[in-house]
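Before any comments, here is the structure.
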Amino acid sequence: MEEEMDSRYSAGELEPKIYESWQKSGYFAPEKCVKDGVAKKDAETFSIVLPPPNVTGVLHMGHAAMLAIEDILVRYARMKGKRTVWIPGTDHAAIATQSKVESEIYKKEKKNRHDLGREEFLRRVEKFASESHDTIVNQIKRMGASVDWTREAFTLDEPRNAAVKTAFKEMYDAGLIYRGNKVINWDPKGQTTVSDDEVVHEERKAKFYTFKYSPDFPISISTTRPETKLGDTAVAVHPDDVRYKQYVGKEYDVDFVGTPLHIKIIADTEVDKDFGTGALGVTPAHSIIDWEMAERHKLPLKQVINEYAKMTAGGPEIEGKKTAEAREIIAEKLRAAGLMEKEEEVPQNISVAERTGGIIEPLPKLQWFVSVNKKFKLENSLPAGQASKINGIPAGSETTLKEIMKKSVEGGQIKILPERFERIYYHWIENLRDWNISRQIWYGHRIPVWTKGEKMSVGKKPFGFGWVEDEDTLDTWFSSGLWTFSTLGWPKNTADLATFHPTTVLETGYDILFFWVARMILMTGFLLGDVPFRTVYLHGLVRDEKGKKMSKSLGNAIDPLEMIDKYGADATRLSLIIGAAPGNDMKLSEDKIRGYRNFTTKIWNASRFVLMNRPVGAVSGKFDLSDDEKKYLAEFETAKKEVETHIDNFELHLAGEKAYHYFWHTFADVIIEAEKNKLKEGAPEEKAAAYETLETLLLGSLKFLHPFVPYVTEAVYQKFRPGKLLLVEKW
RNA sequence: GGGCGGUUAGCUCAGUGGUAGAGCGUUUCAUUGACAUUGAAAAGGUCACAGGUUCAAUCCCUGUACCGCCCACCA
């Protein structure tokens, strides 16, 4: 006897039970699928890593969209009989997590991390990260994500640390990681360096001052930051600029508001003749561009600002003052001395640290870098006997990390969807500078370098006393870059690595194309001589009804858990899929989710109707299908084929819509209605034929709907096929 | 400054070289029926604008306008 079905589908009650039954079945893991014949031993593989959510809090709608998309791909692959694995994990997100905990501690206890000390502070961060991790895992489950929990990883756990150390050593040995004193992006608020990609620009109004250093200096310069001029060692002009040609090569000793400066006039093509006075005061210590110019011209470097964005030069009136205050003082002195020629209000882009909001202060610092332009032989870093598998980088040839990133996509081994992002990706590579990978924060992988006097050991702490570990930690993206293979056991030569790498798809938001996707390609190319994945599928950002980015602080964020509680995970998933073309931002409203909740009810009730008309006992005798019924079955095949093609093409929005439309407006509205009378008043053979048709169409539809709305389809399926799981039924 | 995307029904968005599609909303009708979280029907669009290619353009090309995003050292 079948169980009764209520007229309402109660997602809240059933979903957690269904998830548990899936998990208990073990079918999220490929081994179990092979063991039970769901997938053949030598079946094609489908592997995907979950972009690990940061352990900084809770999941938002962007995560929900990501989980929905990936779960559709994964469930589809599994039902198709592929050996399917989806690896979950979380990201320690070094700076993001540390700054979050720091600000919480400061709010509550008015203490900073130095008050607590490294050990105690890390204990606190780890506690926070672990709580956050549990919340996230729970949310991933609520979404119905069929990830293989037996393979869960954390970017900061032991196996991943081993991978990081190995990767670092390989790159160091290849000469790609070096330590250098360069001008970098310093975040005075977070007290750490950040990479170019972690700097965002905010437009603000600024004063643009034009003045001379001193009355006896021949050239006027312009700047928005007069206080940095205390660190000037040159003035640069364009070589073709007739106004200044006569001065090039000359050197001047000037008195700049009480501070002596030695200024050389240099010619450099980087200077724009038409901007400002056409002459640029060169501050090698406090501008990355000026620093590069200083390198070219062998100019001395003079630091006048410290790590707290306070002045270290300029005499007693200025020293120790914040840069903004110093700016005012100097401007006033210039006015008083009659040297100020012009002051204008201009819009200016200032650089801000993405995570902390601190205003970036370029400073010269000794840091670790990854060289993206240095040539090396790929084979030297690969395991013995292995050669480059990257198209366009022949075995044994010299290459660079930039080239690896470029060729991996150019050679067609990685397809980026939507395609337009390929060009954006190339453009980013062209402009890439060496990657600053050391951070002065405490939470993260420690730089695996130990020193003892002049001696240095990389990758491993040597035996013996007196070795000092590098104080810094690694950029979080260094470990994320290893994610597709560090999760599969690398640097060990595991079966997982051999079976599932390169992964099939990498699905993530287009906003981390550079941060993450590019770095994975870099790391994988260098360490494995291969690509990390075949297809990159980029989804858009989830925005609110007005198109604004959802954020907690704006109060416009829709909480996925709240929506799941209210309308069910299936409805939430569908609302994030349909109408969301790849790479395009989408607007989400509660109304939309509610609409799809109605669809889950429709599935439930249509199934209930079919079940209610199930013949009692076995159908005896033969029956033929009517012409209409044959037509329905043929139409179904077409619809199914369309859904399939759309999924194969990563057009999930179209696949979802097709499935939705077929079920509601063809199966329920047309076919059920047409068969109703037969079921009620037809002859026994007609009844049997009608039921048979409906059940076939229903169960078939449940299959192609399953990846999109896994819970309700599973719930219904088990009414018809008790003891079976739709999760692993043949597509 | 460079690049990219968008402009399609009241709203949110798909889509296609050959009489324009969905969801929501609106209007009318139906209904003790699997489902009111319903069904049937209807209204509603010179597919931003201007040129061009074509037998045929909403779709391809060029340009313009507005909106949005990304990148960039204009000090």
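Just the heavy atoms: all of them, side chains too, but no hydrogens, waters or symmetry mates, feed the values below. First the proteins, then the strands, lettered A, B, ... as listed; each starts at 1.
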Query raised in the report: When rounded to the nearest Å, what value does the distance between C1' atoms of B/A9 and B/G21 take?
Result: 10 Å
Query raised in the report: Donor-acceptor pair under 3.5 Å: do we get one between A/E292's side chain and the base of B/C73?
Result: no
Requested in this report: Compare side-chain N and O positions of A/H653 against OP1 and OP2 of B/G15 and report whether any pair is under 4.0 Å apart.
Outcome: yes
Query raised in the report: Closer than 4.0 Å, any side-chain N/O of A/K602 to the OP1 or OP2 of B/U37?
Result: no
Query raised in the report: Side-chain donor-acceptor pair under 3.5 Å between A/T233 and A/K264, yes or no?
Result: no
Query raised in the report: Choosing from B/C35, B/U37, B/A72, which nucleotide comes nearest the side chain of A/N605?
Result: B/C35
Query raised in the report: Is there a donor-acceptor contact under 3.5 Å linking the side chains of A/N605 and A/Y9?
Result: no
Query raised in the report: Taking the C1' atom of each, how far is B/C47 from B/U16, in whole Å?
Result: 11 Å
Query raised in the report: Rounded to the Å, how far apart are A/L513 CG and B/C4 C1'?
Result: 13 Å
Report task. Spell out yes or no: do the side chain of A/R594 and the base of B/U37 have one donor N/O and one acceptor N/O closer than 3.5 Å? Result -> no
Query raised in the report: Does B/U26 pair with anything, Watson-Crick or G-U wobble, both distances under 3.5 Å, and if so, with which nucleotide?
Result: B/A42
Query raised in the report: Does a side-chain N or O from A/N584 land closer than 4.0 Å to OP1 or OP2 of B/G6, or not?
Result: no
Requested in this report: Name the closest nucleotide to the A/A581 side chain, picking from B/A14, B/A22, B/A75.
Outcome: B/A14
Query raised in the report: How many Å lie between CG on A/N677 and P on B/A34, as a whole number?
Result: 11 Å
Report task. Take atom P in B/U7 and the same atom in B/U58, then report the distance between them in whole Å. Result -> 15 Å
Requested in this report: Tell which nucleotide pairs with B/C13, taking only Watson-Crick or G-U wobble pairs whose two distances are both under 3.5 angstrom.
Outcome: B/G21
Query raised in the report: Can a donor-acceptor pair under 3.5 Å be found between the side-chain atoms of A/K592 and the base atoms of B/C24?
Result: no
Query - From B/A14, B/C74, B/A34, nucleotide with atom closest to A/A668 side chain - result: B/A34
Requested in this report: Using atom CZ of A/F514 as one end and atom C1' of B/C71 as the other, report the distance to the nearest whole Å.
Outcome: 7 Å
Report summary line: Taken to the nearest whole Å, CD1/A/I416 to P/B/C70 is 18 Å
Query - Short side-chain N/O contact from A/R433 to OP1 or OP2 of B/C73, under 4.0 Å - result: yes
Query raised in the report: With both distances kept under 3.5 Å, what pairs with B/G51, Watson-Crick or G-U wobble?
Result: B/C61
Query raised in the report: Do A/K566 and A/E590 meet the salt-bridge criterion of a basic N to acidic O distance under 4.0 Å?
Result: yes
Report task. Would you tell me if any nitrogen or oxygen in the side chain of A/H665 comes within less than 4.0 Å of OP1 or OP2 on B/G23? Result -> yes
Query raised in the report: Can you tell me how far C1' in B/U8 sits from the matching atom in B/U46, rounded to whole Å?
Result: 12 Å
**Report entry** P atoms of B/U26 and B/U37, separation to the nearest Å
**Finding:** 14 Å
Query raised in the report: Mind checking whether A/Y662 and A/F704 have parallel, tilted or perpendicular rings, split at 30° and 60°?
Result: perpendicular
Query raised in the report: Should A/E695 and A/R721 count as an ion pair when the cut-off is N to O under 4.0 Å?
Result: yes
Query raised in the report: Ion pair present between A/E361 and A/R225, side-chain N to carboxylate O less than 4.0 angstrom?
Result: yes
**Report entry** Electrostatic pair A/E629-A/K678, nearest N-O below 4.0 angstrom
**Finding:** yes
Report task. Report the base-pairing partner of B/C69 (Watson-Crick or G-U wobble, both distances below 3.5 angstrom), or none. Result -> B/G3
Query raised in the report: Have A/S220 and A/E341 got a donor and an acceptor in their side chains that come within less than 3.5 Å?
Result: yes
Requested in this report: Take the protein atom CD of A/E203 and the nucleotide atom C1' of B/G68, then report the distance between them rounded to whole Å.
Outcome: 16 Å
Query raised in the report: Separation of A/Y660 atom OH from B/G23 atom P, in whole Å?
Result: 6 Å
Report task. Run the salt-bridge test on A/D6 and A/R8 with the 4.0 Å N-O cut-off and return the result as yes or no. Result -> no
Query - Under 4.0 angstrom between A/W664 side-chain N/O and B/A22 OP1 or OP2 - result: no
Query raised in the report: With a 3.5 Å cut-off and just heavy-atom distances, do the side chain of A/E673 and the base of B/A34 make a donor-acceptor pair?
Result: yes
Report summary line: From the candidates B/A14, B/C73, B/A75, the one with an atom nearest any side-chain atom of A/L280 is B/A75
Query raised in the report: What's the NE2-C1' distance between A/H201 and B/C73, to the nearest Å?
Result: 9 Å
Report task. Can you tell me the distance, in whole Å, between the NZ atom of A/K587 and the C1' atom of B/G6? Result -> 10 Å
Query - A/E343/A/R335 salt bridge by N-O under 4.0 Å criterion - result: yes
Query raised in the report: If we take the C1' atom in both B/A34 and B/G39, what is their distance in whole Å?
Result: 12 Å
Query - C1' spacing across the pair B/C13 / B/A20, given as an integer number of angstrom - result: 15 Å
Requested in this report: Tell me which residues in residues 418-429 of chain A put a heavy atom below 4.0 Å from RNA chain B, sorted by number, or none.
Outcome: A/R420, A/R423, A/H427
Query raised in the report: In whole Å, what separates the P atom of B/G18 from that of B/A56?
Result: 14 Å
